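Structure, as structure tokens:
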Amino acid sequence: MSTETKITPRAQDYNQWYLDVIAAAQLADYAPVKGCMVIRPDGYAIWENIQRVLDGMFKDTGHQNAYFPLLIPESFFKKEAQHVEGFAPECAVVTHGGGEKLEEPLYLRPTSETIIWSMFRSWISSHRDLPLLINQWANVVRWEMRTRLFLRTTEFLWQEGHTAHASDAEAEEECRRMLEVYRVFAEEHMAIPVIPGRKSEKEKFAGALRTYSIEAMMQDGRALQAGTSHHLGQNFAKAFDVTFQDEKGQRQLVWATSWGVSTRLIGALIMAHSDDKGLVLPPRLASRQVAIVPIPGKQADPERMTGEARRLADELGLGRAVVVDDRPNLSPGAKYHYWEQHGVPLRLELGPRDLEKQQVVLVRRDTGEKRSLPRGGLREAVRQELEAMQREMFEKARAFRESRTYSVDTEEQFRKTIEEPGGFLRAHYCGDTECEVRIQNETKATVRCIPLDAPAEKGRCPFCGKESGRRAIFAKAY
RNA sequence: CGGGAAGUGGCUCAGUCUGGUAGAGCACCUGGUUCGGGACCAGGGGGUCGCAGGUUCAAAUCCUGUCUUCCCGACCA
């Protein structure tokens with residue numbers, strides 16, 4: 001087990017820093033196939049925590065899990081024109097099976113709308129079958145040209161919610177509800193502030209009426225789309241002929257939504273909170289919240305301190321979330337570095353001096369703050385510290401985002417600000433795709449979203465001068 | 001998919017130009033001494049030099065192809 005891993009400072013090379021943090025925290029490894037990664041136990045543990053929390057939230061909002069197959073007939077895929085156009089180039093296709101060429105090629109799902117709606121057709125016949133609220137946890141494959149661990153990999157894990165509704169309004173409500181679920185999850189569990197908003201025509205999902213997203217800011221000022229929710233209208237119902245009889249006996253097309261978050265969230269977590277020492281995890285998503293490092297001391301029986309450390313672990317009442325580092329071959333200092341690189345929120349040090357004074361030394365991973373706490377009442381103190389850390393990490397991320405968000409009104413301001421210092425630009429947006437393409441080509445910034453809470457405000461697009469009713473968020477994005 | 005760089009024990013790299021049969025530091029194993037911010041001593045194990053061809057008496061080294069990673073572009077959760 002390596003205990004020495006160099007991490008490139010953020011200021012020197014942000015991209016390399018990101019990769020170094022992943023390596024040092026042992027979150028993932030490269031797989032033999034281009035763009036694929038192995039999610040290592042410590043990385044997967046984060047995903048399991050994300051899953052656990054979100055899954056509960058989905059169930060609380062009335063959804064049920066199901067599982068649909070990985071392989072999708074090519075013909076299904078071609079039924080929805082815009083959808084095909086959007087996804088065809090990045091699909092992996094199975095052409096052979098059982099040693100023979102297949103009559104019809106099978107696509108590895110890049111997303112499951114088609115296979116799911118082909119099934120919804122047989123599950124829905126009456127308004128009494130609606131709404132149908134399904135979620136699945138699955139892997140998907142997208143043949144990306146340029147990949148990055150967690151942020152964009154050929155195969156990734158995600159959840160995809162697929163729902164069917166009797167009306168446009170109901171679908172819209174569902175779509176917004178799930179966006180709100182994502183917002184709450186991002187802010188309260190990942191400690192990442194996000195901006196919920198609507199995507200531009202250019203950025204919306206292929207086959208959707210409209211797309212909403214939550215947008216987060218990373219420490220380099222770039223935006224990361226952390227979750228999406230689509231109002232699919234009746235496009236898939238038309239493509240797969242999914243209809244229901246309403247209360248009046250009229251046959252109607254079903255309305256659809258889909259929404260998802262992926263293992264990309266782990267990348268967001270890393271880039272939002274970590275520092276030059278390594279990974280920093282918000283307590284709520286850390287599978288190990290407290291690491292206890294016993295310091296044996298000079299003349300003491302070496303077993304004594306680890307015994308004390310184990311007793312201390314029991315006192316905390318946090319179960320598996322506490323780890324006692326009793327490795328005999330590492331010095332305390334080496335252990336400090338190890339747990340810092342691994343992002344464990346709190347470290348407790350227990351040595352002879354602490355034993356004498358009936359105290360322990362507590363160190364916060366996010367601030368590095370170190371202080372002594374009395375042994376009595378530690379359980380409550382640690383609980384409070386974890387909560388404080390969760391809260392303060394969110395506040396810190398929010399303050400950072402605010403400090404890097406600028407209102408700009410002229411093209412010149414826009415160009416200058418996006419270049420240096422960079423971040424989120426609040427600017428009027430005419431809504432014109434051509435203008436958006438031009439902005440992207442010339443500044444590398446894209447419309448991240450039109451915030452849902454953006455107040456009505458008359459203004460002009462800084463690039464084309466056309467009138468605009470509100471500001472959008474522009475940023476360079478991952 | 002284009003342009004650039006790189007693949008040598010787990011990690012960082014030397015050796016490649018000028019072919020002669022693989023080395024260092026760290027990590028790892030054993031024993032001992034240590035331990036309040038990356039311990040020390042002694043002994044030890046581990047590498048078909050990314051992969052496949054070719055040239056040669058001989059290839060980590062030269063040639064061809066290929067795979068993977070990183071950076072820059074065009075495409076995307």
Side-chain angles (χ1 to χ4, degrees), chain A residues 1-8 13-16 18-20 23-24 26 29-37 86-91 110-111 140-160 182 199 202-203 205-206 211 213-216 223-230 258-268 277-278 293-300 302 305-306 325-341 347-357 359-361 363 368 370 372 440-441 444 446 477-478:
Chain A
M1 192 73 46
S2 168
T3 53
E4 184 174 8
T5 314
K6 281 171 226 149
I7 295 175
T8 307
D13 184 343
Y14 191 82
N15 290 329
Q16 192 55 47
Y18 174 74
L19 296 169
D20 289 348
Q26 301 174 314
D29 259 342
Y30 294 104
V33 177
K34 181 181 173 136
C36 291
M37 67 170 168
F87 278 108
E90 54 183 90
C91 283
T111 178
V140 286
V141 171
R142 297 183 186 176
W143 216 259
E144 301 290 351
M145 290 305 156
R146 198 170 173 187
T147 56
R148 272 158 81 54
L149 292 178
F150 291 114
L151 298 178
R152 181 164 292 106
T153 47
T154 300
E155 178 189 8
F156 58 95
L157 304 181
W158 76 346
Q159 62 63 220
E160 44 181 328
Y182 289 155
K199 285 295 197 183
K202 178 174 169 292
E203 298 272 328
F205 177 72
T211 291
S213 72
I214 51 170
E215 300 286 331
L224 186 108
Q225 179 175 302
T228 52
S229 184
H230 315 289
S258 69
W259 28 273
V261 299
S262 70
T263 34
R264 170 178 253 207
L265 290 182
I266 297 172
K277 290 192 285 191
V293 178
I295 298 148
K298 290 189 171 48
Q299 68 277 44
M305 208 56 77
T306 51
D325 192 345
D326 57 3
R327 290 176 289 181
N329 54 329
L330 295 182
S331 67
K335 292 177 182 179
Y336 300 164
H337 285 273
Y338 179 88
W339 294 110
E340 279 167 358
Q341 291 192 334
R347 182 174 79 238
L348 295 180
E349 304 171 9
L350 186 65
R353 294 207 295 270
D354 303 306
L355 227 49
E356 237 170 73
K357 297 188 218 160
Q359 64 173 33
V360 298
V361 174
V363 186
K370 198 171 200 174
S372 297
Q440 179 172 7
N441 288 341
K444 303 294 172 209
T446 51
Y478 277 100

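A, B, ... follow the sequence lines: proteins, then strands. Residue 1 opens every chain. In this text, all values refer to a predicted model and were calculated from it rather than measured experimentally.
As rounded to the nearest Å, B:rG65 and B:rC70 have C1' atoms that lie 22 Å from one another. Between B:rG47 and B:rA24, the distance separating the two C1' atoms is 14 Å to the nearest Å. Nucleotides B:rA14 and B:rA60, compared at atom C1', are 12 Å apart to the nearest Å. Nucleotides B:rG9 and B:rG15 have their C1' atoms positioned 15 Å apart, rounded to a whole Å. The C1' atoms of B:rG19 and B:rC75 are separated by 45 Å, rounded to the nearest whole Å. Only the C1' atoms considered, B:rA58 is 27 Å distant from B:rC13, to the nearest whole Å. B:rU16 sits 10 Å from B:rA59 when the C1' atoms are compared, rounded to a whole Å. For B:rU61 and B:rA22, the P atoms lie 14 Å apart once the distance is rounded to whole Å.
In this structure, CG of A:Asp13 is placed 13 Å from C1' of B:rC72, rounded to the nearest angstrom. Counting to the nearest Å, the P atom of B:rU34 and the CG atom of A:Asp326 are 20 Å from each other. Between the P atom of B:rU69 and the CD atom of A:Gln16 lies a distance of 14 Å, rounded to the nearest Å. Between A:Arg327 atom CZ and B:rU34 atom C1' there is a gap of 17 Å when expressed in whole angstrom units. In this structure, A:Arg142 places its CZ atom 6 Å from P of B:rA77, rounding to the nearest Å. Whole-Å rounding puts the A:His337 NE2 to B:rG37 C1' distance at 5 Å.
Taking 4.0 angstrom as the limit, A:Tyr338 places none of its side-chain polar atoms (N or O) nearer than this to OP1 or OP2 of B:rG37. Of the side-chain N and O atoms in A:Lys444, one or more sit less than 4.0 angstrom from OP1 or OP2 of B:rA74.
Nucleotide B:rA14: unpaired (no Watson-Crick or G-U wobble partner with both distances less than 3.5 Å). Under the Watson-Crick or G-U wobble criterion, with both distances below 3.5 Å, B:rA77 has no partner in any strand shown. Here B:rU33 sits opposite B:rA39 as a Watson-Crick or G-U wobble pair (both hydrogen-bonding atom distances under 3.5 Å). Across the strands present, B:rC28 finds its partner in B:rG44; the criterion is a Watson-Crick or G-U wobble pair with both atom distances under 3.5 angstrom. Across all strands shown, B:rU66 forms a Watson-Crick or G-U wobble pair, both distances under 3.5 Å, with B:rG50. With a cut-off of 3.5 Å on both Watson-Crick or G-U wobble distances, the partner of B:rA59 is given as none.
Counting non-hydrogen atoms under 4.0 angstrom, A:Ser262 reaches a base of the nucleic acid. Using a 4.0 Å heavy-atom distance criterion, A:Glu144 is classed as a base contact. Nucleic acid contact class of A:Gly267 (heavy atoms, under 4.0 Å, all strands): none. At a threshold of 4.0 angstrom between heavy atoms, the contacts of A:Val140 with the nucleic acid are absent. When heavy atoms are screened at a 4.0 angstrom cut-off, A:Asp354 is found touching base atoms of the nucleic acid. The residue A:Gln159 sits apart from the nucleic acid: no heavy atom pair falls under 4.0 Å. Within the nucleic acid shown, A:Tyr30 comes within 4.0 Å of sugar-phosphate atoms alone, with no base atom in reach, counting heavy atoms only. Residue A:Arg148 is classed as a sugar-phosphate contact, given heavy-atom separations below 4.0 Å to backbone atoms only. Residue A:Leu224 is classed as having no contact, given no heavy-atom separation below 4.0 Å to the nucleic acid. Using a 4.0 Å heavy-atom distance criterion, A:Thr153 is classed as a base contact.
A:Ala268 and A:Leu151 make their closest contact through N-CD2, 4.5 Å (heavy atoms, listed as atom of the first residue, atom of the second, distance). Scanning all heavy atoms of the two residues, the minimum distance from A:Val261 to A:Ala226 falls at CG1-O, 3.5 Å. In this structure, A:Glu160 and A:Thr111 approach most closely via the heavy-atom pair OE1-OG1, 3.5 Å.
Side-chain N or O atoms of A:Thr211 include none that pairs as donor or acceptor with a backbone N or O of A:Glu203 at under 3.5 Å. A:Arg142 places no side-chain N or O within donor-acceptor distance of the main-chain N or O of A:Glu90, the cut-off being under 3.5 Å. With A:Tyr18 contributing its side chain and A:Leu149 its backbone, the two residues share a donor-acceptor pair below 3.5 Å. Of the possible polar contacts, none joining the A:Lys34 side chain to the A:Thr154 backbone as a donor-acceptor pair under 3.5 Å is found. In this structure, A:Ser213 contributes its side chain and A:Glu215 its backbone to no donor-acceptor pair below 3.5 Å. Of the possible polar contacts, none joining the A:Glu144 side chain to the A:Thr153 backbone as a donor-acceptor pair under 3.5 Å is found.
Within 6.0 Å of atom CH2 in A:Trp143, 12 or fewer heavy atoms from other residues, nucleotides or ligands are found, so the atom counts as exposed in its surroundings.
RNA chain B is contacted by both A:Val363 and A:Pro32; A:Val363 maps to the nucleotide lying nearer its 5′ end (nearest heavy atom per residue). Closest-nucleotide positions on RNA chain B for A:Leu355 and A:Tyr478 were compared, and the one nearer the 5' end corresponds to A:Leu355.
With hydrogens and angles ignored, no donor-acceptor pair under 3.5 angstrom links the side chain of A:Lys277 to the base of B:rG37. Not a single donor-acceptor pair, N or O on each side, falls under 3.5 Å between the base of B:rG37 and the side chain of A:Glu349.
Taking CZ of A:Arg264 as the start and CG of A:Leu224 as the end, the distance is 4.5 Å to the nearest 0.5 Å.
The nucleotide whose nearest atom lies closest to any side-chain atom of A:Arg353 is, among B:rG37, B:rG36, B:rA77, B:rG36. Considering only the side chain of A:Ile295, B:rC35 comes nearest among B:rC35, B:rC70, B:rA77.
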Using a cut-off of under 3.5 Å, enumerate the N/O to N/O pairs linking the protein to nucleotides 39-45 of chain B.
{"unit_1": "B:rA39", "atom_1": "OP1", "unit_2": "A:Ser331", "atom_2": "OG", "d": "3.2"}
{"unit_1": "B:rA39", "atom_1": "OP2", "unit_2": "A:Ser331", "atom_2": "OG", "d": "2.2"}

Distances for protein N or O near nucleotides 1-7 of chain B N or O, under 3.5 Å:
{"unit_1": "B:rC1", "atom_1": "N4", "unit_2": "A:Met145", "atom_2": "O", "d": "3.4"}

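Between A:Trp259 and A:Tyr182, the ring planes lie perpendicular to each other; the angle is over 60°, past the 30° to 60° tilted range.
Residue ring and base: A:Phe156 counts as stacked with B:rA77 (centre distance below 5.5 Å, interplanar angle below 30°).
A:Gln440 meets the side chain to side chain contact (heavy atoms under 4.5 Å, CB included) test with A:Lys202, A:Thr446; sequence neighbours excluded.
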